[in-house]
Peer 1: 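Can you read through this structure? Questions will come right after.
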Amino acid sequence: MPENQSSAASAAVRLPRYTKTDQDEILGDGDDPFGVAAAGLTWLPKNEHFGIRHGDRLVAHAGLLRLPVAIGDVETEVVGVGGVAVAPDLQGQGLARRVVTAALEHARTMGPQHALLFCRPPLVPLYQRLGWHPLDKEVLVEQPENRLVTMPLRTMVTPLRDNAHWPSEPVRLFSLPM
């Protein structure tokens, strides 16, 4: 019975909002909670948020944002996944899987064929276990002052539809990264 109570407490739910205070509750209030400050990028906030609470404490989050991209010469949209966070003291307990799975279930209702995320190289194996695939092509993203830069983090994709195929072409995000 305690295991069921733990599972129920760990169910991912859609959050009405996600603030800096919520992020600090999960990751603490450090200067670089996601370990990506060295990339020097400006990021977009997400529009949709999913979280997991243990009691009154928010312990995991994943955010979504629909974004325009070009894959080779084809313009389309993807669902960007970002802001994935799990409280350090609870990592390794499947919370990332639960919150990302809940976010992707919603992403499947948003229209695009694929979800896309950017991550630090040490996290690639985690996302691969969750069904994501690293891209082997350059990804360009917009930055302030009309700059176009090559994404220094690892780009990964996952299909949101059966039979969705990601072409092996360069990718251009028509926005800031998420």
Side-chain angles (χ1 to χ4, degrees), residues 10-15 18 23 34-36 38-52 60-86 91-144 146-178:
S10 296
V13 297
R14 193 163 178 190
L15 302 173
Y18 183 71
Q23 178 183 303
F34 292 98
V36 298
L41 298 173
T42 299
W43 301 86
L44 284 174
K46 281 39 101 187
N47 289 342
E48 308 282 343
H49 303 279
F50 295 82
I52 297 174
H61 169 266
L64 301 175
L65 181 64
R66 193 170 165 159
L67 299 168
V69 299
I71 307 167
D73 294 333
V74 177
E75 292 186 18
T76 188
E77 289 185 314
V78 296
V79 176
V81 176
V84 178
V86 173
Q91 290 176 0
Q93 298 183 25
L95 297 178
R97 174 180 299 279
R98 288 184 193 138
V99 77
V100 170
T101 297
L104 290 177
E105 286 173 11
H106 181 74
R108 288 181 179 86
T109 72
M110 295 173 68
Q113 298 285 310
H114 290 88
L116 181 137
L117 64 76
F118 303 113
C119 70
R120 292 180 295 116
L123 296 176
V124 168
L126 166 69
Y127 286 108
Q128 285 178 311
R129 287 190 301 275
L130 299 180
W132 293 79
H133 308 281
L135 294 184
D136 59 356
K137 298 290 183 181
E138 179 176 274
V139 176
L140 298 175
V141 299
E142 293 181 1
Q143 287 293 283
N146 295 318
R147 291 183 305 130
L148 194 60
V149 301
T150 300
M151 173 51 72
L153 301 174
R154 193 61 194 234
T155 304
M156 301 187 78
V157 297
T158 194
L160 296 174
R161 306 269 179 278
D162 290 339
N163 302 318
H165 171 72
W166 186 274
S168 182
E169 301 282 338
V171 177
R172 162 106 162 38
L173 189 61
F174 292 111
S175 72
L176 298 173
M178 62 292 155

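This chain uses plain numbering: 1 for the first residue, then up along the sequence.
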Peer 1: What are the two closest non-hydrogen atoms of V86 and A96, and how far apart are they?
Peer 2: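 The answer is CG2-N, 3.7 Å.
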
Peer 1: Looking at CZ of R161 and NE2 of H114, how far apart are the two atoms once the value is rounded to the nearest 0.5 Å?
Peer 2: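 So the gap between those two atoms works out to 10.5 Å.
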
Peer 1: Within a strict 4.5 Å, meaning less than it, do heavy atoms of the L160 and R108 side chains meet?
Peer 2: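 Touching, per the 4.5 Å side-chain cut-off.
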
Peer 1: Compare all side-chain heavy atoms of P159 with those of H165 and state whether any distance is below 4.5 angstrom.
Peer 2: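 No; the side chains remain at least 4.5 Å from each other.
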
Peer 1: If you apply the rule side chain to side chain contact (heavy atoms under 4.5 Å, CB included), what do you find for R66 with N47, and how did you get there?
Peer 2: CA-CA 8 Å; R66 193 170 165 159; N47 289 342; over 6 Å; no

Peer 1: Given L41 and F118, is the side chain to side chain contact (heavy atoms under 4.5 Å, CB included) satisfied, shown in steps?
Peer 2: CA-CA 12 Å; L41 298 173; F118 303 113; over 6 Å; no

Peer 1: Kindly say whether G83 contributes a backbone atom to a donor-acceptor pair with the side chain of H61 at under 3.5 angstrom?
Peer 2: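 Yes, the answer is positive, given that a donor and an acceptor are paired below the 3.5 Å cut-off.
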
Peer 1: Using every non-hydrogen atom in the two residues, find where C119 and L153 come nearest and quote the distance to one decimal.
Peer 2: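 Shortest heavy-atom contact: O-CB, 3.5 Å.
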
Peer 1: Could you tell me whether the side chain of L123 reaches within less than 4.5 Å of the side chain of F34, counting heavy atoms only?
Peer 2: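 No. Closest side-chain heavy atoms not under 4.5 Å.
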
Peer 1: Is there side-chain contact between V69 and E75, with at least one heavy-atom pair below 4.5 Å?
Peer 2: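 Side chain of V69 against side chain of E75, heavy atoms only: no contact under 4.5 Å found.
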
Peer 1: Assess whether side chain to side chain contact (heavy atoms under 4.5 Å, CB included) is satisfied between L65 and L44, documenting all intermediate values.
Peer 2: CA-CA 9 Å; L65 181 64; L44 284 174; 3.6 Å; yes

Peer 1: Is there a side-chain contact between F50 and H106 (heavy atoms, below 4.5 Å)?
Peer 2: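 Side chain of F50 against side chain of H106, heavy atoms only: contact under 4.5 Å found.
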
Peer 1: Could you go through the side chain to side chain contact (heavy atoms under 4.5 Å, CB included) check for Q143 and L148 one step at a time?
Peer 2: CA-CA 6 Å; Q143 287 293 283; L148 194 60; over 6 Å; no

Peer 1: Is there side-chain contact between K137 and E169, with at least one heavy-atom pair below 4.5 Å?
Peer 2: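 They are not in contact (no side-chain heavy atoms under 4.5 Å apart), so the answer is no.
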
Peer 1: Can you measure from OH (Y18) to NZ (K46) and round to the nearest 0.5 angstrom?
Peer 2: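 Rounded to the nearest 0.5 Å, the OH-NZ separation comes to 9.0 Å.
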
Peer 1: Measure the spacing between CG of L104 and CG of L130 and express it to the nearest 0.5 Å.
Peer 2: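 It is 8.5 Å, given to the nearest 0.5 Å.
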
Peer 1: Are any non-hydrogen side-chain atoms of V171 and T155 less than 4.5 angstrom apart?
Peer 2: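 With C-beta onward as the side chain, the pair stays apart.
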
Peer 1: Can you measure from CG (L140) to CG (L173) and round to the nearest 0.5 angstrom?
Peer 2: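 One gets 9.5 Å once the value is rounded to the nearest 0.5 Å.
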
Peer 1: Return the CG to CD distance between L126 and Q91, rounded to the nearest 0.5 Å.
Peer 2: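 Reported value, rounded in 0.5 Å steps: 9.5 Å.
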
Peer 1: If every non-hydrogen atom of L176 is compared with every non-hydrogen atom of P144, which pair is closest and at what distance?
Peer 2: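 Closest heavy-atom pair between L176 and P144: CD2-CD, 3.9 Å.
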
Peer 1: With side chains defined as the heavy atoms from C-beta onward, is the minimum distance between R154 and Y127 less than 4.5 Å?
Peer 2: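 With C-beta onward as the side chain, the pair stays apart.
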
Peer 1: Write down the atom of L67, the atom of M178, and the distance for their closest heavy-atom approach.
Peer 2: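 That closest heavy-atom pairing would be CD1-SD, 3.3 Å.
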
Peer 1: Taking all non-hydrogen atoms of both residues into account, name the closest pair between T101 and R97 and its distance.
Peer 2: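 Heavy-atom minimum between the residues: OG1-O, 2.7 Å.
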
Peer 1: When rounded to the nearest 0.5 angstrom, what distance separates CH2 in W132 from CG in L116?
Peer 2: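 So the gap between those two atoms works out to 7.0 Å.
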
Peer 1: Which heavy atom in V99 sits nearest to a heavy atom in A62, and how many Å separate them?
Peer 2: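 In terms of heavy atoms, the two residues are closest at CG2-N, 3.7 Å.
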
